[in-house]
Amino acid sequence: MNLKWLLSAGEPRPRYVLLVAIGVVLMMSLTYPIWYPGGRGMAAFAAVIAVVLSHLSAKFVMRR
């Protein structure tokens, strides 16, 4: 797999940013019952994982 393609931002950038933002909001709202009781540390961990998963899903959506 081409890691440069995977680690760089998608083109066109406005569509990539929109897909990542929607993904992060959706994942953070779906996992709210899990990270809310855990406090700030768990919320930060969930946010990092949500950004990574949103980035990967946006890249694969834009690849098609």
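Please read all numbers here as calculations on a predicted model, not as lab measurements.
Looking at every heavy atom in both residues, S54 comes nearest to V24 through OG-N, 3.1 Å.
Rounded to the nearest 0.5 Å, atoms CE (M42) and CZ (F45) are 7.0 Å apart. Taken from CE in M28 to CD1 in I34, the straight-line distance is 10.5 Å, to the nearest 0.5 Å.
The aromatic rings of Y36 and Y32 sit parallel to each other, their planes meeting at less than 30°, with 60° as the upper class boundary.
Connection of F60 to V52 is established within a shared hydrophobic cluster, with ILVMFWY side chains joined at heavy-atom distances below 4.5 Å, either directly or through further cluster members. M62 and I22 end up in different hydrophobic clusters when Ile, Leu, Val, Met, Phe, Trp and Tyr side chains are linked at under 4.5 Å. Tracing side-chain contacts under 4.5 Å through hydrophobic residues (I, L, V, M, F, W, Y), one never reaches L56 starting from L26; they form parts of separate clusters. In the hydrophobic clustering of this structure, V20 groups with L53; members are Ile, Leu, Val, Met, Phe, Trp, Tyr whose side-chain heavy atoms approach within less than 4.5 Å, directly or through other members.
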